[in-house]
Amino acid sequence: MSENEVKSCLLCGVGGQGTVLASRIIAAAAMAKGLHARTAETIGMAQRGGSVVSHVRIGETIASPMIPWGRADVIIGFEPGEAAANIKYLREGGVLILSSRQVKPVTAALGQSGYEGEECLKWLADKGGSCVVIDPDKIIEACGSPKVLNVAMAGALAATGAMGLSISDMEEALRIRMKPKLLEMNMKALRMGAECVTER
Amino acid sequence: MKELLMGNEAVAMGALAAGVQVVAGYPGTPSSEVLETIAKRNPGHVYVEWSVNEKAGAEVAAGAAYAGARSLVTMKQMGLNVASDPVMCVNYIGVKGGMVIYVCDDPGPISSQTEQDTRSFARYAHIPCFDCDSPEQAFQAVQDAFAFSEEHETPVILRSTTRVCHACADIDVPEIRNPEPPEGFVKDTSRWVIFPKLAYQAKLKVAGREPALAAEFSEYKGNTIEGNGPVGIACGGISYSYVKEAIRGHEDSFTVMKIATPYPFPTDLARQFMLGADKIICFEELDPYIEDALIYEYGNLSLDIDNFIEGKRTGTVRLGGELSAVEVGSVIEKVTGIGTSISYDEPEAAEDAPELPVRPPVLCAGCPHRGAFYAVKKAVGKRPAIYGGDIGCYTLGNAAPLDMVDTCLCMGAGITMAQGLDHAMREQEDKPTCFAFVGDSTFFASGITGIVNAVYNQSDMILCVLDNSTTAMTGHQPHPGMGVTMMGEKVEPVDIAKVLEGIGVRSIRTVDPQNLEESMKAVSETMEEEGVRAIIFKSPCVALVGPGEPLRVDPDKCVGCMMCINEIGCTALIPDSSSLTEKGRPKAMIDKALCAGCGLCAQVCPADAIVK
């Protein structure tokens, strides 16, 4: 990474999906490599089933924790509709990493708004330079916990190389951030997430 | 060692590094993590408490500072309103140990009722104020604030904003040691007891010291002037980072002044900045605070340059809401013609874009508040009623389909506003029943005095305490009703029913909001009575106890009536377009990953189709 280069990753989803921890893991992976890291997160009221966004920026000279429009090298969408809502942040040729599982908002269940995750996924397919779609149900079942989705997404991010972070950088971050008894399960999720990229 | 620290964690570690001894506060987004981090990283001898509210916290901190200890009180900007009584006075009296009042503002606002600016409060109160622009700078600023407070025997406000509080950066954290014990309180009525005569002398002191402190701040290393381009940019706080990002690659055209001590304003530095500029643009969130200070100095300098200072006062920068690097860059280009590499215009939504999810925050699946609101709604039925809301998770009872919040003002206001509504409409035919919903933490923070007022002044109202045994919205902080302190001690919990009884509330019922029939019966019975009545809906926060076994919809029984979805609006309930009734209506479906198994929907379903 050159001196002035800043890599930016936007994580978006629904409150409770673990986007905050994912952004911390990515930042920790960068720090383990000796890079500076900044993040900015949605905490508080919006976490109750609302839309949440985390910004992660790594590099030597990061000015602001917030990513301007069109400057994200990667968008990690924990939910298809949330990824579509934040597509304006993606730079031309940027990478999309998406979870295929939709979370229907109450407004849609009540018929006040329409929303189909499937349509958003289709629409997003050609919006970046490349697009990785992850089926979270498979990984969650294999790992035995719905809480591993965020780590799987981080694994996919490493496999794309879009932030200049490798799988072993992420593994190092997991060793720093995770409780020992949860480490093995998350290492598995990390690898399964990465495999979704290589399998394409 | 380098750690990834959130702005609030950096303030906490900086306070520990400065030898803070007593820490108090009341939770409020975006300020809560400071106190929690100090409790977690306590080297052993730091006293930490969640106070009952911000006024109590500020007074605890002031007392500790009188005894010579370094003390810290934390709150959000709304909390400063609650604490303003002691804060306004303690400045007149002064302190012995360093006292830092950490206040988080919330531009946007993202999770607050107002966009008030604590820098303006500091000027109004004559309290020196430091500002934070990044986690690493905040780590240093809190240490500088303690030193300044002690040197000048004055409380100091440390101001931060959401994007600094909740941003993370990698910071070198020093080893934390226990501080030396303070000297203790030394009696001196001429110093510690406020009387009108002393207050007059104090006013002369706090207003009169302004020029000397301003001169000191002009030399403070946190206030900076960078570059020597013709266009001056004045900024402070998070706006500084947006400016840096916006002018990247074009630095030669600009001189950037960053204000890290808004009050007293570093006048000498500002003069130096203005005399070198052809034109000045001010970027700051909330009030045009720096802008006004510059305009004032501009008058003093008797400069005569057309359109010299631009900002909020000239309509160049928006009066409200958050700033961003994009907005800063676009304003700079509009005013100066100097473009940067950031794209300024929000990319247009593609014409073929699919419909996006609309996702306002809602009560969690399994939240006991949902049951309480629904029980009141059903029991009241078509009778006239007004539902006073309050500040906490239960504000989310406003969302469709519950629609159970008619008013929401500030902490505790639901209780006392119900009394005003009642008194104003007493003579009205078919007078609505006035309900006030309040959470357990808010009950202790600012509900009790309102209930005393109701009993004393013979109000006619129904108080609904939604007791989920935690301060849920801000991240599950303990409170007096829980029997545990922030130091981890087990203590006798303050019993809400006994408090009400002691105040003189004669009708008190305690029910489980997850039991719909029992809850509705309690509401109906209470409505038959008069005077101040209370119902305590008691059931723990689902986020604390964790989800139970999820329920499922039996498709053979579901008639597709959608009552479960349309009545209670639980996030786990969705219509299943792949499973239709004979009449072609979608049946209900439960999202296993979200359902907490509370069973409220099963009690609502007329076809008994929701089962374990």
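Lettering of chains follows the sequences in order, A, B, ..., and the numbering in each one begins at 1. Here the structure is a predicted model, which means the values were calculated and not measured.
Each salt bridge (Lys or Arg N to Asp or Glu O under 4.0 Å) pair with one or both residues in residues 158-172 of chain A, not counting sequence neighbours, appears once here: Lys33(A)-Asp169(A), Glu172(A)-Arg175(A).
Within residues 97-121 of chain A, the residues having any heavy atom less than 4.5 Å from a heavy atom of chain B are, in residue-number order, Arg101(A), Val103(A), Lys104(A), Pro105(A), Val106(A), Thr107(A), Ala109(A), Leu110(A), Gln112(A), Ser113(A), Gly114(A), Tyr115(A), Glu119(A), Cys120(A).
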Test side-chain contact (heavy atoms from CB on, under 4.5 Å) applied to Glu245(B) and Arg57(A), step by step: CA-CA 13 Å; Glu245(B) 174 126 12; Arg57(A) 312 190 82 185; 2.7 Å; yes
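Contact of Arg91(A) with chain B is not made at all, since no heavy-atom distance falls under 4.5 Å. Contacts between Ile62(A) and chain B at a heavy-atom distance below 4.5 Å involve the backbone alone (N, CA, C, O). With a 4.5 Å cut-off on non-hydrogen atoms, Glu33(B) touches chain A through its side chain but not through its backbone. Only the backbone of Cys570(B) comes within contact range of chain A, with heavy atoms under 4.5 Å apart. Proximity to chain A is limited to the side chain of Met6(B), based on heavy atoms less than 4.5 angstrom apart. Only the side chain of Glu136(B) comes within contact range of chain A, with at least one heavy atom under 4.5 Å from a heavy atom of that chain.
Legend: residues meeting side-chain contact (heavy atoms from CB on, under 4.5 Å) with Ser241(B), ordered by chain and number and at least two apart, are Ser64(A), Pro65(A), Ile238(B).
The heavy-atom pair separating Arg163(B) from Glu41(A) by the smallest distance is NH1-O, 4.3 Å. Residues Arg248(B) and Val6(A) approach most closely at NH1-CG2, 3.8 Å, considering heavy atoms. Here the closest heavy-atom approach between residue Asp170(B) and residue His36(A) is recorded as OD2-ND1, 2.7 Å.
Sparse packing is recorded around NZ of Lys592(B), with 12 or fewer heavy atoms of other residues, nucleotides or ligands lying under 6.0 Å away. Counting heavy-atom neighbours within 6.0 Å of Lys88(A) NZ, excluding the residue itself, gives a total above 12.
Interface remark: of the candidates Leu594(B), Thr162(B), Asp591(B), Thr474(B), Asp591(B) forms the most heavy-atom pairs closer than 4.5 Å to chain A. Top candidate by heavy-atom pairs under 4.5 Å with chain A, chosen from Pro354(B), Ala353(B), Ala167(B), Pro575(B), is Pro354(B). Listed options Ile574(B), Ile565(B), Asn566(B), Val358(B) were ranked by heavy-atom pairs under 4.5 angstrom with chain A; first place goes to Val358(B). The greatest number of non-hydrogen atom pairs below 4.5 Å with chain B, out of Ala63(A), Ser54(A), Ala30(A), is found for Ala63(A). For the options Asp133(B), Val164(B), Leu573(B), Leu356(B), heavy-atom pairs under 4.5 Å to chain A are most numerous at Leu356(B). Ranked by non-hydrogen atom pairs under 4.5 Å with chain B, the options Ala40(A), Ala37(A), Ala28(A) are led by Ala37(A). Most heavy-atom pairs under 4.5 Å with chain A: of the set Ser324(B), Pro401(B), Ala593(B), this distinction falls to Pro401(B).
Remark: Met66(A) CE to Glu322(B) CD distance equals 5.5 Å, nearest 0.5 Å.
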Pairs of donor and acceptor atoms involving the side chains of residues 360-367 of chain B, under 3.5 Å and at least two apart or interchain, shall be tabulated with distances.
none

